[in-house]
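Read through the structure below, which is laid out as structure tokens, and then see the notes.
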Amino acid sequence: MSAHKARRVLDQIRGRSYQETLMILELMPYRACYPIFKLIYSAAANAKHNMGLNEEYLVIIKATVNEGTTGHHSLWFAQPKNYSKGLQEDQKIRDCIKNYVQKNMRISSGVEGIARIEIQKRIDLIQIIIHMGFPKITKPYGHPNILAEFIAGQLRNRVSFRKAIKKAIELTEQADTKGIQVQIAGRIDGKEIARVEWIREGRVPLQTIRAKIDYCSYRVRTIYGVLGIKIWIFVGEE
């Protein structure tokens with residue numbers, strides 16, 4: 001569900017009473033009505049049981065929605081049956097570009113430096129926009145993809161995972177981020193049993209809708225096997 005579709009519903013209930021809001025949501029034909037209905041019903045129940053408020057006097061004063069977690073960076077439309085095919089095509093395009101950069105454009109920083117790859121598809125044209133971290137972006141280590149590439153390089157060189165994560169967190173401090181969480185899974189440091197380790201610095205409110213979180217998932221192949229790296233960076237609130 002897009003934020004635009006949710007806003008279309010919220011515009012109809014903002015400023016209305018609780019009972020009137022429920023009636024509107026039950027009658028409107030939009031898909032976004034049901035999750036919004038459940039959210040408002042739950043909020044009213046909490047207000048009644050925890051604060052002793054009467055539901056008849058509750059009013060929807062403020063209701064907002066944003067884009068949520070930043071992730072896919074693709075802009076195109078497709079029929080439901082072709083949607084998965086389009087996602088697979090996007091992933092192949094990104095993998096092809098990253099493999100080319102790894103082989104032909106290695107830079108002095110030791111990472112490929114791709115912050116993100118945006119894909120825009122039209123009827124007769126596919127436009128690909130590559131955001132390079134070095135030297136185009138002023139604060140490259142504020143992007144989770146570049147940070148994941150840095151950690152992957154450290155793990156390939158057999159650096160301790162804790163040391164690699166702590167160094168990555170230090171680099172994000174230069175980008176003025178509000179918080180970061182790094183997770184590594186697999187046979188860490190060559191141990192026989194796979195496990196998950198994570199470190200968080202600052203605030204990373206993953207349950208808050210208004211929080212803008214940049215996220216990436218990255219795989220790195222080491223001599224002990226494949227490790228998975230996940231990074232969440234808290235940019236701010238909208």
Task: Spatial distance of atom CD (Gln19) from atom CG (Leu58) [nearest 0.5 Å] - done: 9.0 Å
Open item on the list: Quick one: does any side-chain atom of Asn157 pair with a main-chain N or O of Val159 as donor and acceptor, under 3.5 Å?
Closed with: no
- [ ] For Arg195, check salt bridge (Lys or Arg N to Asp or Glu O under 4.0 Å) against everything at least two apart and list the hits.
- [x] Glu197
Open item on the list: To check you understand the geometry: which heavy-atom pair defines the closest contact between Ala32 and Ala6, and what is its length?
Closed with: CB-CA, 4.1 Å
Task: Linked, directly or transitively: Val226 and Ile151 (ILVMFWY side chains, under 4.5 Å) - done: no
Open item on the list: If you apply the rule side-chain contact (heavy atoms from CB on, under 4.5 Å), what do you find for Ile119 with Ile126, and how did you get there?
Closed with: CA-CA 7 Å; Ile119 300 175; Ile126 298 179; 4.2 Å; yes
TODO: Please round to the nearest 0.5 Å and tell me the distance separating atom CD1 of Ile229 and atom CD1 of Ile184.
DONE: 5.5 Å
Open item on the list: Can you tell me if Phe37 has over 12 outside heavy atoms packed within less than 6.0 Å of its CZ?
Closed with: yes
Open item on the list: I need the Ile40 CD1 to Leu22 CG distance, nearest 0.5 Å.
Closed with: 7.0 Å
Task: Residue pair Ile188 / Leu227: nearest heavy atoms and the distance that separates them - done: N-CD2, 4.1 Å
Open item on the list: When you group the ILVMFWY residues by side-chain heavy-atom contacts below 4.5 Å and let the links chain together, are Tyr224 and Tyr218 in the same group?
Closed with: no
Open item on the list: As a quick check of understanding, evaluate side-chain contact (heavy atoms from CB on, under 4.5 Å) for Arg162 and Ile165, giving each step before the final call.
Closed with: CA-CA 5 Å; Arg162 293 189 185 277; Ile165 293 177; 5.9 Å; no
Task: Side-chain heavy atoms of Phe77 within contact of Tyr83, under 4.5 Å - done: no
TODO: Answer yes if Val196 and Ile199 sit in the same cluster of Ile, Leu, Val, Met, Phe, Trp and Tyr residues linked by side chain heavy atoms under 4.5 Å apart, and no otherwise.
DONE: no
Open item on the list: Is there a side-chain contact between Val220 and Arg156 in this structure, where contact means two heavy atoms from C-beta onward sitting under 4.5 Å apart?
Closed with: yes
Open item on the list: The criterion is side chain to side chain contact (heavy atoms under 4.5 Å, CB included); which residues satisfy it with Glu192, sequence neighbours excluded?
Closed with: Arg187
Task: Worked verdict on Phe234 versus Thr177 for side-chain contact (heavy atoms from CB on, under 4.5 Å) - done: CA-CA 6 Å; Phe234 178 35; Thr177 58; over 6 Å; no
TODO: Indicate yes or no: does Asp90 engage Lys121 in a salt bridge with an N to O separation below 4.0 Å.
DONE: yes
TODO: First locate atom CD1 of Ile60, then atom CD of Glu20, and finally report the distance between them rounded to the nearest 0.5 Å.
DONE: 10.5 Å
Task: Test: Asp11 and Arg14 ion pair at under 4.0 Å - done: yes
TODO: Report yes if the side chains of Val235 and Ile213 come closer than 4.5 Å at any heavy-atom pair, otherwise no.
DONE: no
Open item on the list: Once rounded to the nearest 0.5 Å, what's the spacing between atom CG of Leu125 and atom CD of Gln127?
Closed with: 6.5 Å
Open item on the list: Quick check on Leu27: does its CG atom have over 12 non-hydrogen neighbours (other residues, nucleotides or ligands) under 6.0 Å away?
Closed with: yes
Task: Short N-O contact, Lys166 and Glu201, less than 4.0 angstrom - done: no
Task: Heavy-atom closest contact (Val204 atom, Gln181 atom, distance) - done: CG2-N, 3.9 Å
- [ ] Please round to the nearest 0.5 Å and tell me the distance separating atom CD of Glu55 and atom NZ of Lys48.
- [x] 5.0 Å
TODO: Work out which heavy atom in Ala168 is nearest to a heavy atom in Leu147; give both atom names and the distance.
DONE: O-CD1, 3.7 Å
Task: ring pair (Phe, Tyr, Trp, His ring centres under 6.0 Å) evaluation trace for Trp198 with Phe161 - done: CA-CA 10 Å; Trp198 62 274; Phe161 79 95; over 10 Å; no
Open item on the list: So Ile117 and Ile129, do their side chains get closer than 4.5 Å, heavy atoms only?
Closed with: no
Task: For Gly202 against Arg200, the heavy-atom pair lying closest together - done: O-CG, 3.9 Å
Task: Ser74 side chain to Arg94 side chain, donor-acceptor N/O pair below 3.5 angstrom - done: yes
- [ ] Look at the side chain of Ser42 and the backbone N and O of Lys38, then say whether any donor-acceptor pair between them is shorter than 3.5 Å.
- [x] no
Task: Verify same cluster id: Tyr18, Leu39 (apolar side-chain graph, 4.5 Å) - done: no
- [ ] Show your reasoning for whether side chain to side chain donor-acceptor pair (under 3.5 Å) applies to Asp95 and Gln91.
- [x] CA-CA 6 Å; Asp95 291 342; Gln91 189 60 46; 3.0 Å; yes
Task: Minimum-distance pair of heavy atoms, taken over all atoms of Gln154 and Ala164 - done: CB-CB, 3.7 Å
- [ ] Indicate, with yes or no, if Tyr30 and Ile13 share a hydrophobic cluster defined by side-chain heavy-atom contacts under 4.5 Å among Ile, Leu, Val, Met, Phe, Trp and Tyr.
- [x] yes
- [ ] Decide side-chain contact (heavy atoms from CB on, under 4.5 Å) for Ile233 and Ile231; before the verdict, give the C-alpha distance in whole Å, the side-chain angles of both, and the deciding distance to 0.1 Å.
- [x] CA-CA 7 Å; Ile233 296 180; Ile231 298 179; 3.8 Å; yes
